[in-house]
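One structure is given here, and the rest of the page talks about it.
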Amino acid sequence: MKEKITVTKPCLPPLEEFVPYLKQIWDNKWLTNNGPFHKQLEKELADYLGVKYISLFSNETLALISALQALDIQGEVITTPFSFVATTHSIWWNKVTPVFADIEPEYLNLDPNKIEAAITEKTRAIMPVHVFGNPCKVDEIQKIAEKYGLKVIYDAAHAFGVEKNGNSILNYGDLSILSFHATKVYSTIEGGAIISHTPEMKHHIDNLKNFGFRGETIVEEPGINAKLNEVQAAYGLLQLKYVDHFIQRRKKITDLYRNLLKDIPGIRFLNDMLAVTHTYSYFPILIDEEKYQLSRDELYEKLKEYNIYSRRYFYPLVSEFSPYRDFPSSKKENLPVAGDTARKVLCLPIFVELEECDIFFICETIKQL
Ligand SMILES: *Cc1c(COP(=O)(O)O)cnc(C)c1O
């Protein structure tokens, strides 16, 4: 039996390259609270991503919660049920009501028409997700936001490095939020960030993640502790040196998958969007049971027998989890495309050190089944 192939596996930098950073931390004894590596990482990431202002966080979930605080969002926020559960949790933690709208079938992001239809008097913001790194229809969403005076907060967990017409996708909306969790394209082990567009907003966010302090003796609002420490910032600096190589590998893997899977009846994958630079965070396929002759769940179970561990992202829908399932917007009739997608989608293994022979093995297994 082959070794277990997991859906993802972190790629750590060479340990000996990390030791000098640790030495520096041990020497200056600055462990957290906006230390030198933290400052350097904010600068290098802003340059790398092509964004103006970035505030590092200890994880994305706290960053999402803080983003809603920073914009003082109340009432209702329209979001997608086809995401990781943290998107909706962040709304709920602010005692704001999440309202689910359906997705579009092509790229599985919030459907602008459905957003507009879900707007009520209480709506204050839209929280879309660039699912699997494919940009949302950002121009249409912006138009809706302007028409109704809403804020737009993008969960950009999957969109590190993604560009549209040469411009970072993180420059759209009021705020964009990144995750640097170990399973993402770029990682600080745990971590996240908020991208903002003015120095005032960055300053506000930086205060919010540090208990609301504005100087030694002034606290102007109830903040939280969501700071990234120096050891993780150092890890992030080192990861940044390798991230282009990581993305190139992911592109190669994606190309090979597409090539090997293109003629299998009932298997669909998402193609690159026009004028978009992708970073290949996931490799989702959609299984049409009638044409493929196995259901998604049957394929998922069978692959396990061959020691291939794919993941059903995103299944169940967030709207199906018990805290949210009784919401009026969670009704199945309101979310037909999301419901259908959640039953069909399967994310195949993709990570930097995934070997070509493993990809051949995975695709051959899918073909034979
Ligand atoms: C990973 C992820 C998150 C949560 O990120 P953490 O850094 O683990 O808190 C939120 N939203 C989406 C879409 C994600 O994939």
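Remember, it's 1-based here, ligands and their atoms both numbered in the order they're listed. Heavy atoms only: backbone and side chains are in, while hydrogens, waters and symmetry mates are out.
For the ring pair (Phe, Tyr, Trp, His ring centres under 6.0 Å) with Phe37, the qualifying choice from Tyr235, Trp30, Tyr21 is Tyr21, the only one to do so.
Residue Ser179 has at least one N or O atom closer than 3.5 Å to an N or O atom of ligand 1.
Protein heavy atom at the shortest distance from atom 11 (N) of ligand 1 is Asp155 OD2, 2.8 Å. Closest protein heavy atom to atom 14 (C) of ligand 1: Lys184 NZ, 3.0 Å. The nearest protein atom to atom 10 (C) of ligand 1, hydrogens excluded, is given as Glu60 OE1, 2.9 Å; this is a heavy-atom distance. In terms of protein heavy atoms, atom 9 (O) of ligand 1 is closest to Thr61 OG1, 2.6 Å.
By the 30° and 60° cut-offs, the orientation of the rings of Tyr186 relative to Phe180 is perpendicular. Relative ring orientation between Tyr257 and Phe283 is described as parallel, the plane-to-plane angle staying below 30° on a 0-90° scale split at 30° and 60°.
With sequence neighbours excluded, the residues forming a side-chain hydrogen bond (donor to acceptor under 3.5 Å, both in side chains) with Asn33 are Lys227, listed by chain and number. Annotation: salt bridge (Lys or Arg N to Asp or Glu O under 4.0 Å) contacts of Lys147 (sequence neighbours excluded): Glu116.
Geometrically, Arg250 does not engage Tyr282 in a cation-pi contact, judged by NZ or CZ lying under 6.0 Å from the ring centre and within 45° of the ring axis. Annotation: cation-pi pair Lys4/Tyr309 present, NZ/CZ under 6.0 Å from the ring centroid and within 45° of its normal.
Each of the atoms 2 (C), 11 (N), 12 (C), 13 (C), 14 (C), 15 (O) of ligand 1 lies under 4.0 Å from some heavy atom of Ala157. Those atoms of ligand 1 with a heavy atom of Gly191 less than 4.0 angstrom away are 7 (O). Under a 4.0 Å criterion applied to the non-hydrogen atoms of Asn59, ligand 1 contributes the atoms 7 (O), 9 (O).
Using a 4.0 Å cutoff on heavy atoms, Ser83 counts as a contact of ligand 1. Within the 4.0 Å heavy-atom cutoff, Ala63 does not count among the residues contacting ligand 1.
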